Novice: 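Input: one structure, supplied below.
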Amino acid sequence: MRGDKYTYLTTAIDYANGPPHIGHAFEKIGADAMVRYRRLKGEQVRFVIGMDEHGLKVLQSAEAAGVTPQAWADGIASKFEEMWRALGISNDDFIRTTQPRHHRAVEVMIERMQAADDLYRGKYEGLYCVGCEAFKTDAELVSVATLEAAAEAGTGADGVAGGVHSEGLTAEERVARLRCPIHPSRQLVWSQEENWFFRLSRYGERLLKLLAERPEFVQPESRRNEIRRVLEGGLEDISVSRSRLGWGVPWPGDPEHTVYVWIDALTNYLSAVGFPDPGYGQFWPADVHVIGKDITRFHCIYWPAMLMSAEVELPRTVWGHGFVTFGGAKVSKSEGGARVDLTELVELRGADALRYFLLREVPWNGDGEISAQRYDERYTSDLANNLGNLVNRVISMIERYREGVVPPGAQTALDPEIAAALVRYRGAMDANLLQQGAAAAIELGQAANAFVGDRAPWNQAKDPALAGELDATLASLARALAAIASMLFPFMPAKMTDLASRLGLEAPLPLESLAALELAGRRMHKGEVLFPRPQE
RNA sequence: GGCAGGGUAGCUCAGCUGGUGAGAGCACACGAUUCAUAAUCGUGGGGUCGCGGGUUCAAGUCCCGCCCCUGCUACCA
């Protein structure tokens, strides 16, 4: 219907001020599962991940490390790319905001927005921290009273969480009462600078209309309701340039300014597919922007408004996933995730087990809690006992009773269960409910295990008159394993490719081919235990 | 403070527009089985369904009040 249009799926680009942690990984793993599922359905997919490398924090990190900001960004970017390779993330491209192709796209966006008369020079004023060389918002500030309390408690300023409510206070009151937690001894300055502004206020009605006509634009629903509330409250124009910050895309025609984060970072989704060259239409509009729920506003308000202004088609959906918490602590991208070392977690049981665990444990449309104990339990019960053991016992029996070759066999009671599991699986995966998709596969494993008990193939094998029954038992079980290999491939690409090869297949089969699957004649081999039980 | 969502077995959660004895998975106990990774299958114990009122023949399921948790409340990404 859409010709050879690719399915285009993106993740948020990560900010280059620190190494990757589990919050970054959760998002990429989930997005990768969505991508691999779509490929399994036969879609041609473009999957892009990237880095946001401009801005103050990158500059500061680079200075602290004594390197140029570009060198700093290069280092961080390579760490991220290494991690994505280690986790089996199948992105086709890695866009970086310091690349020339991105600068070009940003410039064109600005030119178009300018042509629409949506950009103007205005004054931005607010509390400015001289130490940080940056304006600060309420969310980034603490009150003097809070600092004093912390000092009394002996915890110091480091542990103080930001976040104040200063609406209604005069500039003088704000200066007197609020401090930057990074530079608590310095007074903030009420300052102003001339910036470029985007007439976001023009787009409120059109955005409300967008939500009404295309509710799927913001998913899941809980995120959509939040966005609607913001829109109903009315929009103000936003400043989109900075004059005191050098590290960014120079503002076209006004090189004293650099492009501030919104137009810069969000435009990556276009620059990665070649915008403004006409070929970008092969990929654009994006089918799904996968993002963390904390940045839905930027993707569901700023971004579509910018695209409307520039007369570029809007993405189809924005998916705002939730967060992983570890022992109650948020481990999102912006919180550091210091309590869980991602590299250690990958090494513990391998990338595939981690991918499975996260997506099985944390709903893709909400938050979830993980722990080391939980990982143990989930791995042992789902992967080692249920699935791994099933693979082992089925292939063992085929080797023992049929020389390792799948016999031709009639349908059994298990086959309708395979079909039913596939229906549930597709329903869940099409709705991006990855957790439920994984559950459907494991439930099929449980059904297959129960089926083995019911049929007792070891008894069928003792009576030559039951040879046909035994054939049917083994053939059905083989079909179940092939189905599971495909269903779990988006979650565990390496392990399921391994499983497929043990089943005599080159790779997990496309979903379409599972309906009328015939494996007779395939030679199976058991191999090493697929998911070893944790050693005690 | 306002808005939104949530508080159901030890843990993670299903329970849609009110109605047969309140469920699943994991964990635990017992039984069965031997193809298999001390794995598997079956059975069972265990819950004042946040608290207090109310509507109704009947309420986790509706209404009111309260307590607790989470998210959002716009220019950090």
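Residue numbers begin at 1 in each chain, while the letters A, B, ... track the order of the sequences. None of these values were measured; they are calculated from a predicted model.
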Novice: Between B:C75, B:U70, B:C3, spot the one nearest the side chain of A:Asp367, thanks.
Specialist: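 Nearest to the side-chain atoms of A:Asp367, counting from C-beta on, is B:U70.
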
Novice: If you check the A:Asp294 side chain, which of B:G71, B:A74, B:A77 turns out closest?
Specialist: B:A77

Novice: Determine the interatomic distance between P on B:G42 and the same-named atom on B:G60; round to the nearest Å.
Specialist: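 It works out to 31 Å between them.
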
Novice: Which value, in whole Å, describes the distance between the P atoms of nucleotides B:C67 and B:G52?
Specialist: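 Those two atoms are separated by 15 Å.
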
Novice: Measuring only the C1' atom in each nucleotide, how far is B:G47 from B:A14? A whole number of Å is fine.
Specialist: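 It comes out at 15 Å once rounded to the nearest Å.
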
Novice: May I ask you to check whether A:Glu221 and A:Asn225 show a side-chain donor-acceptor distance below 3.5 Å?
Specialist: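 A:Asn225 and A:Glu221 do not have a side-chain donor-acceptor pair below 3.5 Å.
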
Novice: Determine the Euclidean distance between corresponding P atoms of B:G10 and B:G5; express it in Å to zero decimal places.
Specialist: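 It works out to 28 Å between them.
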
Novice: Using a 4.0 Å heavy-atom cut-off across all strands, classify A:Tyr260 as base, sugar-phosphate, or nothing.
Specialist: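 Sugar-phosphate, no base atom in range.
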
Novice: Would you write the dot-bracket representation of RNA chain B, where each base gets (, ), [, ], | or . depending on whether it forms a Watson-Crick or G-U pair under 3.5 Å and with which partner?
Specialist: (((((((..((((.....[...)))).(((((.......))))).....(((((..]....))))))))))))....

Novice: Looking only at the side chain of A:Arg297 (C-beta and beyond, no hydrogens), which of the listed nucleotides B:G71, B:C72, B:A77 gets closest?
Specialist: B:C72

Novice: Rounding to the closest angstrom, what is the interatomic distance between B:U61 and B:C26 at atom C1'?
Specialist: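 To the nearest whole Å, 27 Å.
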
Novice: What one-letter contact string describes nucleotides 28-41 of chain B from 5' to 3', where B marks a base within less than 4.0 Å of any protein heavy atom, S marks contact via sugar-phosphate atoms alone, and - marks no contact?
Specialist: -----SSBBB-SSS

Novice: Syn or anti for B:G10, with syn set at within 90° of 0?
Specialist: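 This nucleotide is in anti.
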
